[in-house]
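Just so you know, residue 1 is the first one in the sequence shown, and it goes up from there.
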Amino acid sequence: MNEASISPSNPAFQMMMRKLNGDMRFVGIFTIIGGALACLGIITAIIGVPVIISGLRLREAADSFSNYVASGDFASLQQALERQGRYFFIQKIFIIIGLVFTGLYLIFFIAFFGTIMSSFGNF
């Protein structure tokens, strides 16, 4: 891929960026909605607020990509990639936390099930 093919004036690049922009906006909106729904509970608001922030970062990244395509300003491209990186960082943290809680749940479930099965063996 040469430098001319990723130029903001290239029609194929513009079409790809419009598709990417639409997808990022869609995912950003639904991430924000999911975060807002999570904020309905007091405890779940701890999760909801970062989810809303990550959705906002993705929407901001989409706006910055649009600015880059419209103006060709590399500062807009850098800003878009930075904000997109923040979105993915927050999502990575959620994935790690989810895996840790899943592991703890499985350990608890196995220990609980093992305790119940051993108590049935004593009857």
Side-chain angles (χ1 to χ4, degrees):
M1 185 179 258
N2 61 21
E3 189 174 316
S5 65
I6 59 170
S7 169
S9 61
N10 181 343
F13 179 76
Q14 288 179 353
M15 188 173 74
M16 179 185 66
M17 290 304 293
R18 277 195 296 275
K19 171 123 176 55
L20 177 65
N21 223 325
D23 292 343
M24 288 172 50
R25 289 181 189 284
F26 179 83
V27 171
I29 287 171
F30 277 92
T31 302
I32 292 168
I33 291 170
L37 291 174
C39 285
L40 294 176
I42 294 172
I43 302 294
T44 57
I46 295 169
I47 295 169
V49 171
V51 169
I52 291 172
I53 292 170
S54 73
L56 290 172
R57 293 301 159 263
L58 193 57
R59 295 284 312 225
E60 291 169 356
D63 292 340
S64 295
F65 276 123
S66 291
N67 291 341
Y68 170 66
V69 170
S71 68
D73 178 30
F74 282 103
S76 294
L77 178 61
Q78 181 180 358
Q79 189 176 45
L81 293 171
E82 180 182 310
R83 289 177 177 166
Q84 194 175 37
R86 288 181 189 166
Y87 168 80
F88 284 117
F89 176 76
I90 294 170
Q91 293 304 311
K92 179 175 72 173
I93 297 299
F94 279 130
I95 289 169
I96 292 169
I97 290 170
L99 289 173
V100 167
F101 278 123
T102 301
L104 291 173
Y105 172 77
L106 289 173
I107 290 169
F108 175 76
F109 181 77
I110 290 169
F112 181 73
F113 188 68
T115 304
I116 289 177
M117 291 308 288
S118 67
S119 68
F120 282 133
N122 293 335
F123 285 115

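Note on residues 15-35: pairs passing ring-ring contact (aromatic ring centres under 6.0 Å, His included), not counting sequence neighbours, are Phe26-Phe30. Listed by first and then second residue, the salt bridge (Lys or Arg N to Asp or Glu O under 4.0 Å) pairs that reach into residues 28-52 come to none, sequence neighbours excluded. For the salt bridge (Lys or Arg N to Asp or Glu O under 4.0 Å) condition, the pairs that include at least one residue of residues 62-78, sequence neighbours left out, are Arg25-Asp63. The list of ring-ring contact (aromatic ring centres under 6.0 Å, His included) pairs with a residue in residues 31-56, not counting sequence neighbours, is empty. Applying the salt bridge (Lys or Arg N to Asp or Glu O under 4.0 Å) test to pairs two or more places apart or on separate chains, those with a residue in residues 48-58 are Arg57-Glu60. Among pairs with a residue in residues 37-56, none fulfils ring-ring contact (aromatic ring centres under 6.0 Å, His included), at least two apart in sequence or across chains.
Partners of Glu82 by side chain to side chain donor-acceptor pair (under 3.5 Å), not counting sequence neighbours, listed by chain and number: Arg86. A search for side chain to side chain contact (heavy atoms under 4.5 Å, CB included) contacts involving Leu81 returns Phe65, Leu77, Gln84, not counting sequence neighbours. For Gln79, the side chain to side chain donor-acceptor pair (under 3.5 Å) criterion is met by Ser64, not counting sequence neighbours. Remark: Thr31 engages no residue in a side chain to side chain donor-acceptor pair (under 3.5 Å) (not counting sequence neighbours).
A tilted orientation is assigned to the rings of Phe74 and Tyr68, their planes being inclined by 30° to 60°.
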Enumerate, atom names and distances included, each donor-acceptor pair closer than 3.5 Å involving a side-chain atom of residues 91-111, sequence neighbours excluded.
from: Gln91; atom 1: NE2; to: Ser54; atom 2: OG; distance (Å): 3.1
from: Thr102; atom 1: OG1; to: Gly98; atom 2: O; distance (Å): 2.8

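With hydrogens and angles ignored, the 3.5 Å screen pairs no side-chain donor or acceptor of Ser76 with any backbone N or O of Gly72.
Using a 4.5 Å cut-off between side-chain heavy atoms of Ile, Leu, Val, Met, Phe, Trp and Tyr, Ile32 falls into a hydrophobic cluster with Ile52, Leu56.
There is a path of hydrophobic side-chain contacts, each under 4.5 Å, that joins Leu58 to Met16.
Atom CD of Gln14 is surrounded by more than 12 heavy atoms from other residues, nucleotides or ligands within 6.0 Å.
The shortest distance between side-chain heavy atoms of Ile47 and Val51 falls below 4.5 Å.
Residues Ala61 and Arg83 approach most closely at CB-CB, 3.9 Å, considering heavy atoms.
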